[in-house]
Protein chains: 4
Amino acid sequence: MAASKPTHAPAPAADKPHPDVSRRSQRSRRAIYDAALALVAEVGYPRTTIEGIAARAGVGKQTIYRWWSSKADVLLEAFLDLGDRAVQAAGEEGVGIPDTGDLAADLKSVLRATVDELRDPEFEAPYRALAAEGVVNEQLGRAFLTELLEPSLQLFVDRLRSAQDAGHLRADLDPRIALELFVSPLAQRWLQRTAPISHEYTDTLVDYALHGLAPR
Amino acid sequence: MAASKPTHAPAPAADKPHPDVSRRSQRSRRAIYDAALALVAEVGYPRTTIEGIAARAGVGKQTIYRWWSSKADVLLEAFLDLGDRAVQAAGEEGVGIPDTGDLAADLKSVLRATVDELRDPEFEAPYRALAAEGVVNEQLGRAFLTELLEPSLQLFVDRLRSAQDAGHLRADLDPRIALELFVSPLAQRWLQRTAPISHEYTDTLVDYALHGLAPR
Amino acid sequence: MAASKPTHAPAPAADKPHPDVSRRSQRSRRAIYDAALALVAEVGYPRTTIEGIAARAGVGKQTIYRWWSSKADVLLEAFLDLGDRAVQAAGEEGVGIPDTGDLAADLKSVLRATVDELRDPEFEAPYRALAAEGVVNEQLGRAFLTELLEPSLQLFVDRLRSAQDAGHLRADLDPRIALELFVSPLAQRWLQRTAPISHEYTDTLVDYALHGLAPR
Amino acid sequence: MAASKPTHAPAPAADKPHPDVSRRSQRSRRAIYDAALALVAEVGYPRTTIEGIAARAGVGKQTIYRWWSSKADVLLEAFLDLGDRAVQAAGEEGVGIPDTGDLAADLKSVLRATVDELRDPEFEAPYRALAAEGVVNEQLGRAFLTELLEPSLQLFVDRLRSAQDAGHLRADLDPRIALELFVSPLAQRWLQRTAPISHEYTDTLVDYALHGLAPR
DNA sequence: TCTTAAGCGAGACGGTACGTCCCGTCTTTGA
DNA sequence: TCAAAGACGGGACGTACCGTCTCGCTTAAGA
């Protein structure tokens with residue numbers, strides 16, 4: 001569910017007693033990212049192993065254990081890096097939610113883009129793996145949330161607040177809850193495969209959410 | 001997301017070349033269910049092993065491999081069985097969604113019950129584990145969906161249709177989509193821990209969904 | 001080392017509390033013998049299993065466990081039965097050691113026949129397996145000895161005694177030891193593969209043994 | 001049948017694609033040898049398992065599989081090492097066959113020592129196990145032969161040749177065959193338990209072999 | 001310029017669990 | 001009532017990875 005992919009610093013948080021970061025081999029880091037993403041795409045997350053990543057990256061296992069605490073951690077960073085690179089490649093465009101004054105249209109547009117992204121096979125495998133791991137592993141789940149989900153959700157919060165200011169939304173709404181009415185259904189359909197997703201579907205979601213299920 | 005737990009046949013589909021089902025030891029089966037649920041609750045899903053289940057159940061490993069194809073498979077069946085037993089213990093009451101004529105009240109009531117259930121630590125560990133596995137393992141995900149999720153969702157579909165017939169919902173609504181407006185947000189908050197869940201929260205969801213986000 | 005193969009009763013010794021022997025299925029017994037010999041020849045003794053024998057013989061495992069105490073036991077009986085059948089097929093001829101009055105010639109002739117037999121691939125696999133098992137498993141070793149080895153050795157004892165009576169051997173000889181001078185070397189070469197065996201070789205053994213290693 | 005135990009290089013032939021030998025843990029190797037010999041002595045060869053050896057040695061199973069191809073292989077090396085250590089402990093003495101000029105006395109002396117050795121319970125269990133395995137497993141049999149048997153037999157060949165040069169043996173004898181007349185009978189009695197072994201027995205063998213069975 | 005110490009590749013190590021193969025026992029069903 | 005069939009509790013197999021731990025070998029920084 002990424003409406004944007006904000007750039008991440010190479011070493012986002014040095015809360016652990018890491019070794020000397022300045023001597024770190026950037027070459028190995030890149031190779032590890034690439035190997036991790038490639039393996040997850042090729043053989044799936046459960047059959048992706050630290051040993052496999054190390055071998056594919058041409059790297060010693062210790063180099064992975066030195067900088068990451070788990071397979072999930074490697075993949076999360078690799079995926080964030082992938083996003084960063086995608087954003088930089090895309091330039092300024094496409095980040096954030098448009099604000100044309102027509103809330104319904106803006107939401108539909110962003111959700112359509114999200115649908116397209118969720119269908120991109122390059123993203124699917126690692127994204128699913130991370131989401132699944134986060135469901136069961138609270139620590140990874142928190143990181144997944146703050147680094148991947150929150151920034152995107154915040155964009156919706158901002159857009160909804162702007163709509164509220166313009167009087168296009170009920171003034172008493174909690175935007176954090178409001179956004180879930182169209183974002184969560186899409187997320188669940190995709191994650192749990194409860195039903196297929198499409199542009200039509202997200203358009204419908206926006207309509208239902210904005211105007212309610214009850215007759216007027 | 002279980003508003004009810006319909007009884008399951010012991011072996012719903014014999015599509016695999018199973019050994020002679022009539023000779024199966026029910027004693028071992030029960031012991032395996034119990035061991036699996038206990039271990040997942042005690043040490044978590046990833047550290048629950050087939051070997052551990054077998055040892056705890058006092059059963060040979062082969063007896064597990066003979067009847068199930070994976071750890072997730074065992075847990076799914078054990079969990080379904082748990083649900084079946086809970087339903088039988090509860091008797092007739094509590095299954096299904098009430099239909100008092102007040103749709104909002106009925107939905108709030110069911111969602112409040114769901115919140116309570118999701119917080120029940122006995123359910124949480126295996127449910128989370130299965131959901132996570134289903135995200136990444138399509139086969140298990142399908143089973144999770146059809147055996148656990150669908151029956152509950154169908155109850156919402158039925159209730160929404162009844163409301164439509166009574167003129168309490170827009171006539172053009174697709175109930176399968178409509179229900180997602182209040183069910184999916186709860187599911188996502190719980191699964192991905194995007195925010196805490198509570199009775200007030202689900203009440204709010206129902207209000208937002210029924211009356212829409214836009215001002216009237 | 002079999003100069004002859006005396007006929008064995010179908011159930012040589014009922015020293016164990018066997019079930020009712022009279023109701024025993026001879027059909028299954030034959031099938032088990034055949035399966036055991038075939039498997040030992042095809043996949044070797046260590047990879048021959050009770051389950052494999054039962055499956056190949058079209059017999060329940062319990063039918064084997066009912067009548068035999070171990071894999072080695074099955075094979076020993078099967079091999080003895082094979083010998084019996086060979087003897088019966090051969091009729092009267094070839095059993096025992098000839099006594100032409102020329103001891104050296106008689107011994108050479110029997111040893112040449114033994115060399116030929118040891119080279120028969122049908123005999124080699126089970127014979128080796130039984131010999132090996134007997135080295136390590138004293139109980140089986142005793143049975144192997146009394147049922148297979150002793151009868152043959154006794155023939156040599158008899159022939160040597162006859163030679164002693166005729167004055168062709170030193171009168172003070174212990175025939176049980178004397179026979180080992182030509183029999184054991186052949187046995188060891190074959191069992192331990194210390195060197196190839198041939199008719200020339202056994203002829204030489206007889207010469208050395210009869211006339212001694214020291215110059216005269 | 002070991003008249004001597006020549007020292008063996010730790011890794012005589014690197015014909016297999018072994019891992020890095022220089023990094024090998026000598027501590028683990030010793031522990032594995034000790035565990036293997038102890039287990040074979042305590043519970044017998046068939047009930048000695050790789051897992052048991054690993055557990056007793058405080059070693060991972062993989063460390064055994066990394067360096068040896070089978071249980072028999074481990075035991076052979078452990079036994080050779082045991083011999084090496086025994087030789088080194090014994091110093092110069094006791095290795096080889098004496099040459100006092102009296103061939104009969106020298107042979108009797110060596111065979112008496114061999115009898116004593118064969119009765120040493122520390123040697124018996126592994127030696128028997130290896131011999132049995134070698135009967136059935138040609139590859140192990142070859143190794144058993146070249147590493148354990150041959151060196152000892154060669155000492156007899158040398159002594160017999162020396163006796164030939166001195167005119168104490170027939171000049172036309174093949175020493176490889178000649179030695180079998182007294183060595184093989186002892187081997188067979190011990191391996192196949194055809195009869196008990198003793199000093200008198202081996203003395204008799206030497207007499208019979210040197211002077212022949214026929215009257216002079 | 002030459003130590004010196006870190007990161008690095010490599011991979012052996014003690015372990016745990018895997019999924020499979022048999023063991024020997026037990027139970028059910030059919031002849 | 002024996003035999004076929006085969007499920008069962010159990011134990012070992014040989015493999016795959018785990019995370020830790022040396023080993024040299026670059027390779028930059030400070031003496």
Side-chain angles (χ1 to χ4, degrees), chain A residues 18-29 31 46-55 57-67 69-71, chain B residues 18-25 27-28 31 46-55 57-67 69-71, chain C residues 19-20 22-25 27-28 31 46-55 57-67 69-71, chain D residues 18-25 27-28 31 46-55 57-67 69-71:
Chain A
H18 268 169
D20 187 340
V21 179
S22 68
R23 311 197 76 176
R24 185 169 184 184
S25 161
Q26 295 308 313
R27 203 175 164 288
S28 296
R29 169 138 69 141
R47 287 168 52 202
T48 296
T49 65
I50 300 260
E51 285 199 349
I53 297 172
V59 139
K61 281 201 290 178
Q62 201 54 247
T63 300
I64 296 184
Y65 285 109
R66 196 174 357 250
W67 301 106
S69 64
S70 67
K71 177 173 74 162
Chain B
H18 267 171
D20 187 339
V21 178
S22 70
R23 288 208 199 285
R24 184 169 185 182
S25 162
R27 201 175 167 288
S28 296
R47 286 167 51 201
T48 295
T49 65
I50 300 256
E51 244 170 35
I53 295 171
V59 139
K61 278 201 289 179
Q62 202 55 42
T63 299
I64 298 185
Y65 286 109
R66 201 176 349 254
W67 301 107
S69 64
S70 68
K71 178 172 72 163
Chain C
D20 187 341
S22 68
R23 312 198 73 177
R24 184 171 185 185
S25 160
R27 202 177 164 287
S28 295
R47 287 167 53 200
T48 296
T49 66
I50 300 260
E51 285 199 349
I53 295 171
V59 138
K61 280 200 291 177
Q62 201 53 247
T63 302
I64 297 183
Y65 285 110
R66 197 172 358 251
W67 301 105
S69 65
S70 68
K71 178 172 75 163
Chain D
H18 267 172
D20 187 339
V21 179
S22 69
R23 288 206 198 288
R24 184 167 187 183
S25 161
R27 202 176 165 287
S28 296
R47 288 168 49 201
T48 296
T49 65
I50 299 258
E51 239 168 39
I53 296 172
V59 140
K61 278 202 287 179
Q62 203 56 43
T63 300
I64 298 184
Y65 286 110
R66 190 161 16 238
W67 301 106
S69 62
S70 67
K71 179 171 73 162

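So that the names make sense, note that chain A is the first sequence line, chain B the second, and so on, each numbered from 1.
Counting to the nearest Å, the P atom of F:dG9 and the CD atom of B:E51 are 15 Å from each other. Here F:dC13 presents its C1' atom at 13 Å from CD1 of D:I53, a figure rounded to the nearest Å. Taking atom CD of D:Q62 as the reference point, atom P of F:dC13 lies 13 Å away to the nearest angstrom. A:R47 has its CZ atom 18 Å from the P atom of F:dT15, to the nearest Å. Here F:dG11 presents its C1' atom at 13 Å from NZ of D:K71, a figure rounded to the nearest Å.
Not counting sequence neighbours, D:K71 has no partner by the side chain to side chain donor-acceptor pair (under 3.5 Å) test.
A sub-4.0 Å separation between OP1 or OP2 of F:dG11 and a side-chain N or O of D:T49 is absent. For F:dG9, the OP1/OP2 oxygens have a side-chain nitrogen or oxygen of B:S28 closer than 4.0 Å. Residue C:W67 places no side-chain N or O under 4.0 Å from the OP1 or OP2 atom of F:dC2. A close approach under 4.0 Å does occur between a side-chain nitrogen or oxygen of B:R66 and OP1 or OP2 of F:dC8.
Extent of DNA chain E lying under 4.0 Å from chain B heavy atoms, first and last nucleotide in 5' to 3' order, is E:dA17 to E:dT29.
Annotation: side chain of A:T63 is in contact with side chain of A:R66 (closest heavy-atom distance under 4.5 Å).
Nearer to the 5' terminus of DNA chain E, by closest-nucleotide assignment, is the contact made by A:V59 (compared with the other of A:V59 and C:Y65). Of the residues near DNA chain E, A:R27 and D:D20, the one whose nearest nucleotide (by heavy atom distance) lies more toward the 5' end is A:R27.
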Let me have a per-nucleotide readout for nucleotides 24-31 of chain F, 5' to 3', with B, S or -, counting only protein heavy atoms under 4.0 Å. ---BB---
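If you check distances only, the side chain of A:K61 does reach the base of F:dG19 with a donor-acceptor pair under 3.5 Å.
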